[in-house]
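The residues of the chain are indexed from 1 along the displayed sequence. Keep in mind it's a predicted model, so treat the numbers as computed, not measured.
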Amino acid sequence: MNERNSTRDEDLVRTQLHRFVEDVEPSPDALPRVLAAARRRRSPRRNLVLAAGAAVTATAAFLVALLVIPDGRDAEPVSVQPNSYLASPTTGVIASFDVLSGHENREIARIAGARAGVLAADGDRAYTAVDDHGRIRIVEVWAGGRRVVGEVPGTDRPVLAANAGRVAYVDGNAVTVLRGQQRRSIPVPPGLRVHDLALAPDGRLAVLAGPPDSPRSSVSVVAPAGMSLDGRPEATPPDGCGPLAVTWSGHDLAALQPVDCSGQVRVATFDSDSGRQLGAGVPFRAGPLVPDSVQLSTDRLGRFLISTGATGQWLVDGSVVRQVPPACSAGGACAGTPGTFWG
């Protein structure tokens, strides 16, 4: 079974779980039908799902599945709603917050010189940019400590992404991708400014870029071993406005798209092979947004967090869009910069 089929099987199970956990009176055969649908789509080699069971009442449903993650990590329980995300309530502080309440779960790290709002996450690891005597250091943070993984000129505007053991960041006129000791540098064509980066689990890199001071940005996808941004854009901008932020949802690319350049946006999804739009997304009003001021991230169930810090935050769960409170610490400080899903 190849990696893409495995990813699509995960997406299928995740989509079906969404459908059933929101139902207050789920059908008794809900979980068996989810698993049967996955089995019909996979090869005889079985390594995707172990059913942990289902408890069903007349008023609520709670499902827990054990997923074997294709990147080789040990199986771990995945709750119905993993609601943890990272944000910086004060400069230099990285903390975990509950997405529905905004309450602080715990402090992750204190890093002197850390750039506010420059955050990326990969599993239980976080990445940020730290100002250090005219240079910007890319720092990886985890429960046991921290380490510097890269360094860029102090004049750069930090843009980070991380996934499956890879880290990507803007380094002068190029995008650097690191995986262990492997380093890849992808030139950015003259006249383009990188607004956002996103790494897929298989190593594909999505780059949101456009002319400086222009709303007509577009997204290009670079293959895991690719060395240029010359590929076909995956998300074609509508008249006058391009995507504001990008992320990956399984095998598919997701982009935060303006609807009419007047403050309405939606999260559209695209097939990463053909560029075909798969879902338009539910429009909602978020006020005027520009690239660089908003972050789009996704969790294991495919929900999207649109975070702008002080301007507002929204959770997109299928066809439901919820405005969520800001990330506020126990001391009352609230993040004024974007946060990101993690874990």
Side-chain angles (χ1 to χ4, degrees), residues 113-115 117-122 125-141 147-237 242-248 253-256 272 275 290-297 338 340:
R115 291 277 188 103
V118 183
L119 288 172
D122 179 16
R125 307 214 164 197
Y127 297 84
T128 189
V130 176
D131 292 311
D132 185 15
H133 300 95
R135 302 286 294 178
I136 296 174
R137 299 186 187 275
I138 310 302
V139 177
E140 178 185 33
V141 181
R147 68 186 181 105
V148 175
V149 297
E151 187 177 285
V152 299
T155 55
D156 281 8
R157 183 185 56 85
V159 181
L160 299 178
N163 201 345
R166 296 177 176 86
V167 183
Y169 54 89
V170 174
D171 185 357
N173 295 320
V175 175
T176 293
V177 181
L178 299 177
R179 186 183 188 186
Q181 299 301 314
Q182 300 176 354
R183 179 187 180 95
R184 181 164 48 112
S185 183
I186 303 165
V188 176
L192 291 182
R193 178 184 182 187
V194 175
H195 296 296
D196 199 10
L197 299 170
L199 279 165
D202 63 2
R204 287 170 298 156
L205 174 68
V207 181
L208 172 63
D213 303 319
S214 170
R216 296 196 59 82
S217 57
S218 62
V219 184
S220 294
V221 172
V222 182
M227 297 299 295
S228 74
L229 298 184
D230 297 333
R232 166 187 44 79
E234 295 290 347
T236 303
L244 301 168
V246 290
T247 191
W248 291 91
L253 181 67
L256 181 63
S272 60
V290 296
D292 311 332
S293 68
V294 60
Q295 186 150 338
L296 176 68
S297 57
T340 182

Donor-acceptor pair, [X] side chain versus [Y] backbone, under 3.5 Å?
| X | Y | value |
| --- | --- | --- |
| Arg193 | Asp213 | no |
| Ser217 | Pro243 | yes |
| Asp171 | Val152 | no |
| Thr128 | Val118 | yes |
| Asp196 | Val246 | yes |
| Arg184 | Gly226 | yes |
| Asp156 | Gly172 | yes |
| Glu140 | Val167 | no |
| Asn163 | Leu199 | yes |

- prompt: Hey, is CZ on Arg179 packed in by over 12 heavy atoms from elsewhere, all under 6.0 Å?
  reply: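 Check fails, neighbour count at 12 or below.
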message: With a 6.0 Å cut-off (strictly less than), is the heavy-atom count around CG of Asp132, excluding the residue itself, greater than 12?
response: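 Above 12, so yes.
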message: Assess the residue pair Val139 and Tyr127 against the criterion (side chain to side chain contact (heavy atoms under 4.5 Å, CB included)); give the C-alpha distance rounded to whole Å, side-chain angles, the decisive distance to 0.1 Å, and a yes or no.
response: CA-CA 6 Å; Val139 177; Tyr127 297 84; over 6 Å; no
Can you name the nearest heavy-atom pair linking [X] to [Y], along with the distance?
| X | Y | value |
| --- | --- | --- |
| Ser228 | Val222 | O-CG2, 3.5 Å |
| Thr340 | Ala121 | CG2-CB, 4.4 Å |
| Val290 | Val294 | O-CG1, 3.9 Å |
| Ala164 | Pro201 | CB-O, 3.5 Å |
| Leu160 | Ala120 | CB-CB, 4.0 Å |
| Arg166 | Asp122 | N-OD2, 4.3 Å |

How many angstroms lie between [atom1] in [X] and [atom2] in [Y], if you round to the nearest 0.5 Å?
| X | Y | atom1 | atom2 | result |
| --- | --- | --- | --- | --- |
| Arg115 | Ile136 | CZ | CD1 | 4.0 Å |
| Leu208 | Ser220 | CG | OG | 9.5 Å |
| Ser218 | Arg216 | OG | CZ | 9.0 Å |
| Leu192 | Leu229 | CG | CG | 7.5 Å |
| Leu256 | Ser297 | CG | OG | 11.0 Å |
| Asp202 | Ser272 | CG | OG | 7.5 Å |

- prompt: What pairs with Arg157 under side-chain hydrogen bond (donor to acceptor under 3.5 Å, both in side chains), at least two apart in sequence or on another chain?
  reply: Asp292
- prompt: Does any non-hydrogen side-chain atom of Leu253 lie less than 4.5 Å from one of Trp248?
  reply: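 SC-SC contact between Trp248 and Leu253 confirmed.
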